[in-house]
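Notes for the one structure printed next.
Only this structure's heavy atoms are used, side chains among them; waters, hydrogens and symmetry mates stay out.
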Amino acid sequence: MTEAVGKDPGARMRFLRYRKTNNRAVLGFILPFLAMGMASVLVLWDRTHGLPVPVWVPLLILVPLLLVAGLLLSIKSIPLIQELGDKDYAYSGLVLNAFLILFLIVSILYYILRVADHRP
């Protein structure tokens, strides 16, 4: 790097120039963490203070919306990997969102089956 800078004064500026970021991939990676944090806060807040609405309303509406949005953003970012990079964010977000959506579906089914067994 120092040899290139000594020969070409503009080389340092080209080296320091920022690459464009694959924003869809990064946001698709961050959204599942936001969904998990929201679910955790809702459950903990409901246990200590209570919520004005039943806790299942935001858990069944907001959390799946965030996970589906993250999944769609991760899928849409895959064709942009060659141009913008961030392959690790795109595929990690895709796997993380898909896993959490499956986990949510299985949890809902478990809850429904468990409640159905305990009804009089």
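- With rounding to the nearest 0.5 angstrom, the CG atom of L66 is 9.5 Å from the CG atom of N97.
- Heavy-atom minimum distance, S92 versus D88: OG-O, 2.7 Å.
- Listed by first and then second residue, the ring pair (Phe, Tyr, Trp, His ring centres under 6.0 Å) pairs involving residues 62-84 amount to none (not counting sequence neighbours).
- Annotation: the span from I78 atom CD1 to L94 atom CG amounts to 5.0 Å, rounded to 0.5 Å.
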Check against side-chain contact (heavy atoms from CB on, under 4.5 Å), Y111 and S107: CA-CA 6 Å; Y111 177 77; S107 298; over 6 Å; no

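- L62 and F103 fall into different hydrophobic clusters, defined by Ile, Leu, Val, Met, Phe, Trp and Tyr side-chain heavy atoms under 4.5 Å apart, directly or through other members.
- Under the side chain to side chain contact (heavy atoms under 4.5 Å, CB included) criterion, F33 pairs with F29, M36, L96, sequence neighbours left out.
- No single ILVMFWY cluster, assembled from side-chain heavy atoms under 4.5 Å apart, contains both V43 and Y110.
- In terms of heavy atoms, L67 sits closest to A35 at CD2-CB, 3.9 Å.
- Cluster annotation: F99 is connected to Y89 through the hydrophobic network of ILVMFWY side chains, with a link wherever side-chain heavy atoms come within less than 4.5 Å.
- In summary, of the residues considered (L100, V106, I101, I108), a side-chain contact (heavy atoms from CB on, under 4.5 Å) with L104 occurs for I108 alone.
- When all heavy atoms are compared, the tightest approach of A39 to V63 is CB-CG2, 4.1 Å.
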Steps toward side-chain contact (heavy atoms from CB on, under 4.5 Å) verdict (L34, L31): CA-CA 5 Å; L34 181 65; L31 279 179; 4.0 Å; yes

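- When all heavy atoms of A90 and S74 are compared, the closest pair comes out as O-CB, 3.8 Å.
- Shortest non-hydrogen contact noted between R24 and K76 is NH1-O, 3.9 Å.
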Step-by-step side-chain contact (heavy atoms from CB on, under 4.5 Å) determination, L72 to V68: CA-CA 6 Å; L72 292 176; V68 168; 4.1 Å; yes

